[in-house]
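Atoms within a ligand are numbered from 1 in the order they appear, just like the ligands themselves. Keep in mind that this is a model prediction, so the values were computed, not measured.
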Amino acid sequence: MQTSWTKLYSEIDGCTKCRLCEGRHNIVVGVGNKSADIMFIGEGPGHDEDMQGVPFVGRAGQLLDRMLAAIDLTREDVYIANIVKCRPPSNRNPEDDEAEACIPYLREQFALVRPKLIVCLGSVALRHILGKELRITRERGRWHEKAGVSIIATYHPAALLRDESKKREAWEDMKAIRARYLQIKGE
Ligand code: URA
């Protein structure tokens with residue numbers, strides 16, 4: 001399928017494919033480097049993201065920035081998007097039908113950015129990208145290869161804010177991501 005950022009943005013503009021359109025202030029498409037080798041995928045916008053139209057700008061986003069900095073990356077090195085592009089009410093998880101309605105947009109973003117590495121942040125991204133049956137506690141830190149793309153899941157930064165004990169494993173995952181990223185870059 002031929003696509004372009006202009007086509008994608010015009011398709012998304014005013015989207016009413018699911019009920020999440022009812023309460024949104026902004027559609028939160030993505031941020032970062034549109035030719036990044038690495039793409040991070042979260043769950044869906046929260047309050048701050050909904051108000052600003054940019055992914056991961058609240059507390060979890062600030063932690064994500066620190067996680068990136070810890071492996072020498074910034075938002076300019078990566079592309080960041082979410083499974084759903086409109087805020088679920090009260091920050092509940094997106095329903096499966098909402099995610100399924102929105103994922104074609106994410107596929108288009110993927111086709112445009114063409115990352116070599118995908119990081120699923122948390123269980124919603126893991127389930128919709130790698131398989132509905134998977135659990136983040138078991139699956140995090142494991143590499144999957146799909147059509148030449150390396151995919152890994154780690155804890156969502158919001159989960160790390162709730163439970164500090166997960167930080168050690170998340171740090172292991174970030175180091176593995178760094179190593180694979182350098183390998184891909186040939187450094
Ligand atoms: N949590 C997410 O999953 N995505 C965001 O953009 C912000 C918080």
Side-chain angles (χ1 to χ4, degrees), residues 8-9 12 15 17-34 36 38-70 73-110 112-113 115 117-132 134-137 139-140 151-164 166-167 169-170 173-174 177:
L8 173 65
Y9 275 90
I12 289 186
C15 178
K17 284 191 186 172
C18 84
R19 64 189 80 79
L20 296 183
C21 66
E22 289 160 19
R24 74 171 174 235
H25 291 91
N26 283 291
I27 302 178
V28 181
V29 181
V31 71
N33 183 337
K34 289 178 175 161
I38 177 165
M39 184 159 166
F40 284 77
I41 301 175
E43 181 177 312
H47 172 266
D48 296 327
E49 292 76 19
D50 177 47
M51 297 313 289
Q52 295 184 40
V54 181
F56 282 100
V57 288
R59 274 185 76 221
Q62 287 156 21
L63 177 55
L64 178 61
D65 286 343
R66 294 199 293 279
M67 290 162 73
L68 292 174
L73 294 175
T74 69
R75 282 188 182 224
E76 284 73 53
D77 298 310
V78 306
Y79 188 78
I80 305 172
N82 281 306
I83 293 291
V84 294
K85 294 184 168 25
C86 299
R87 182 190 183 198
S90 318
N91 294 343
R92 65 157 168 75
N93 282 355
E95 306 281 352
D96 282 355
D97 65 328
E98 295 159 352
E100 278 151 26
C102 209
I103 273 179
Y105 296 136
L106 185 62
R107 284 209 193 92
E108 283 191 55
Q109 287 171 292
F110 174 76
L112 288 162
V113 177
L117 216 160
I118 290 181
V119 181
C120 302
L121 294 168
S123 80
V124 170
L126 167 71
R127 288 181 56 253
H128 288 287
I129 288 172
L130 284 171
K132 292 271 167 63
L134 299 177
R135 301 186 73 88
I136 189 73
T137 42
E139 207 52 40
R140 54 142 288 274
I151 310 177
I152 194 170
T154 190
Y155 291 120
H156 192 289
L160 301 177
L161 289 172
R162 283 193 300 269
D163 180 359
E164 293 249 327
K166 292 189 164 81
K167 283 194 173 167
E169 287 174 319
D173 299 342
M174 293 308 287
I177 291 162

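- The main-chain N or O of Thr137 is never found under 3.5 Å from a side-chain atom of Glu169 such that the two would form a donor-acceptor pair.
- Applying the 4.0 Å criterion to heavy atoms of Glu43 picks out, from ligand 1, the atoms 2 (C), 3 (O).
- Residue Gly42 approaches ligand 1 through these ligand atoms, each under 4.0 Å from one of its heavy atoms: 3 (O).
- Between the CD atom in Glu43 and the CZ atom in Arg92 there is a gap of 10.5 Å [rounded to 0.5 Å].
- Considering both main-chain and side-chain atoms, Pro45 never comes within under 3.5 Å of ligand 1 through any nitrogen or oxygen pair.
- For ligand 1, one of its N or O atoms has an N or O atom of His156 under 3.5 Å away.
- Using a non-hydrogen distance threshold of 4.0 Å, Gly44 registers as a contact of ligand 1.
- Among all non-hydrogen protein atoms, the one lying nearest atom 4 (N) of ligand 1 is Asn82 OD1, 2.8 Å.
- The structure places NZ of Lys17 at 8.5 Å from CD1 of Ile12, a figure rounded to the nearest 0.5 Å.
- Put simply, CG on Leu126 and NE2 on His156 are 12.5 Å apart, with the number rounded to the nearest 0.5 Å.
- No salt bridge links Arg19 with Glu22; every basic N to acidic carboxylate O contact stays at or beyond 4.0 Å.
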Verdict with supporting geometry, Phe56 and Leu121, side chain to side chain contact (heavy atoms under 4.5 Å, CB included): CA-CA 11 Å; Phe56 282 100; Leu121 294 168; 3.8 Å; yes
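- For ligand 1, the atoms closer than 4.0 angstrom to any heavy atom of Pro55 are 6 (O).
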